[in-house]
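What follows is a short report on a single structure.
We count ligands from 1, going down the list as the structure has it; atoms in each ligand are counted the same way.
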Amino acid sequence: MALQRAASVLATALVLTSILTGKAGCSPWACGVCYGVHGDRLPKPAEVVQLYKSKGITAIRLYEPDVQTLLALNGSNIGVLIDVADENVPRLASGAAQADLWVQLNIKRYYPGVSFRYIAVGNELAGAATRSILPAIKNLNAALAKAGIKGIKVSTAVKMDVLATSSPPSSAVFKDDYMKQIVALLGTTGAPLLVNVYPYFAYIGDQKNIDLNFALFQPSSRVIKDNGLSYTNLFDAMVDAVYAALRSAKVQVPVVISESGWPSAGGVGASVANARTYNQNLINHVGKGTPSKSQPLETYVFAMFNENRKTGAETEKHFGLFNPDKSPVYPIKF
Ligand SMILES: *[C@@H]1O[C@H](CO)[C@@H](O)[C@H](O)[C@H]1NC(C)=O
């Protein structure tokens with residue numbers, strides 16, 4: 001009974017919020033899009049930035065610094081999540097001078113004309129490379145302070161496998177102690193943990209137990225009940241697992257979704273209809289937060305373009321919202 005009342009109060013609050021803000025889409029919080037560049041005949045960076053503007057996309061993720069893209073973003077007001085390329089992370093971990101140089105070359109030169117928000121020290125680093133994350137974050141924080149740059153938060157982008165368990169969401173904990181040290185550091189700087197969250201991969205890995213509609217934010221007979229909360233979609237359950245692991249590590253760290261998306265072709269569950277449904281529902285949903293945390297979730301959709309040179313599964317080439325000629329793969333509204 002109490003739960004039903006709480007749910008109905010929450011539903012009323014959400015309706016009021018959407019009436020007050022006038023829309024159910026992305027603003028005033030950021031919905032970004034990841035700009036991967038492993039494709040042939042992609043538009044020039046200046047055209048890409050123009051495309052972001054014309055579609056009302058207010059944030060971008062770059063997987064490494066690129067001069068032409070950063071120059072095109074100058075004065076644009078588009079929020080930037082920029083990665084330290086994976087292969088450069090050990091170098092930035094090795095000493096203050098390397099981090100100073102990286103900040104001078106890739107941040108300071110464009111600051112404050114480019115609206116940097118976050119630096120991601122690597123994307124889904126695995127194995128021995130993860131040991132460089134902590135010293136690289138520390139060196140970059142020191143380099144930013146030395147350069148007199150404020151307001152850019154340094155973190156790292158991880159995938160769900162940093163969790164030992166994620167089901168039910170409230171039981172989630174981090175797999176290893178090193179991850180706990182990383183989030184403890186983030187807790188002292190106010191940086192968010194950047195998490196790549198893909199219900200798609202969870203679905204293709206366990207099609208017997210995961211309802212496609214549940215993964216697509218569509219009405220589904222599947223509901224996860226956990227600790228007094230009801231989950232009607234897989235994305236919320238995955239994100240709340242991350243929040244639970246952070247709580248269990250006893251840190252106050254926000255979460256930013258540094259990638260999420262769905263392929264439009266190339267394999268099981270991949271279709272234009274499913275990709276459109278997932279990404280549009282994601283954009284419409286993230287402003288509401290999750291069952292355990294109603295705070296809006298800053299989210300970067302993966303990805304801007306179909307990238308024909310990506311390796312791995314065929315689906316990897318088909319996560320784009322746009323074709324290289326800038327035509328939409330399917331209609332989407334930010
Ligand atoms: C960014 O734009 C401002 C204003 O037009 C200009 O003064 C500045 O030199 C530009 N920055 C770069 C790196 O070109």
Side-chain angles (χ1 to χ4, degrees), residues 26-39 41-89 91-123 136-157 189-192 194 256 258-259 298-305 307 321-322 324 326 334:
C26 228
S27 63
W29 49 88
C31 262
V33 179
C34 301
Y35 173 28
V37 296
H38 299 294
R41 299 181 310 279
L42 293 184
K44 293 197 170 58
E47 291 176 60
V48 173
V49 170
Q50 199 46 51
L51 187 58
Y52 273 70
K53 286 183 190 163
S54 71
K55 300 295 172 188
I57 305 168
T58 55
I60 191 169
R61 179 177 183 189
L62 309 177
Y63 288 93
E64 61 184 306
D66 172 69
V67 176
Q68 293 311 319
T69 308
L70 290 167
L71 288 174
L73 286 166
N74 188 23
S76 71
N77 236 357
I78 293 176
V80 178
L81 159 53
I82 189 166
D83 281 40
V84 173
D86 292 353
E87 63 271 23
N88 291 331
V89 175
R91 196 159 50 77
L92 297 200
S94 71
Q98 295 290 337
D100 286 343
L101 187 63
W102 193 92
V103 165
Q104 290 297 327
L105 281 178
N106 303 309
I107 306 290
K108 177 87 176 181
R109 186 188 279 180
Y110 310 99
Y111 176 88
V114 172
S115 306
F116 294 106
R117 281 190 198 161
Y118 314 110
I119 297 171
V121 171
N123 184 44
I137 292 178
K138 287 180 180 165
N139 286 340
L140 281 170
N141 280 330
L144 289 168
K146 204 194 280 181
I149 294 169
K150 291 199 174 69
I152 303 177
K153 301 296 187 187
V154 186
S155 184
T156 188
T189 65
L194 307 170
V256 165
S258 42
E259 287 182 10
E298 185 173 336
T299 298
Y300 293 77
V301 177
F302 187 89
M304 194 64 173
F305 297 105
E307 297 171 77
L321 303 177
F322 295 91
K326 298 192 274 186
F334 280 85

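- Rounded to the nearest 0.5 Å, atoms CD1 (I57) and OH (Y35) are 12.5 Å apart.
- Heavy atoms of L70 found under 4.0 angstrom from ligand 1: none, in either backbone or side chain.
- Between S258 and R61, the shortest heavy-atom contact is O-NH1, 3.2 Å.
- Protein heavy atoms are found inside the 4.0 Å sphere centred on atom 10 (C) of ligand 1.
- In terms of protein heavy-atom proximity, atom 6 (C) of ligand 1 is closest to N74 ND2, 4.2 Å.
- F116 places none of its side-chain heavy atoms less than 4.5 Å from the side chain of L81.
- Counting only heavy atoms, the protein gets under 4.0 Å from atom 14 (O) of ligand 1.
- Polar contact check, R109 against ligand 1: no nitrogen or oxygen pair lies under 3.5 Å apart.
- In the vicinity of L71, heavy-atom distances shorter than 4.0 Å reach the ligand 1 atoms 13 (C), 14 (O).
- When every heavy atom of W102 is checked against every heavy atom of D83, the shortest pair comes out as CZ2-O, 4.0 Å.
- Within a 4.0 Å radius of atom 2 (O) of ligand 1, the protein has at least one heavy atom.
- For the residue pair Y118 / E298, a side-chain donor-acceptor distance below 3.5 Å is found, with atom types taken as modelled.
- Residues R91 and N139 bring no donor and acceptor atom of their side chains to less than 3.5 Å of each other.
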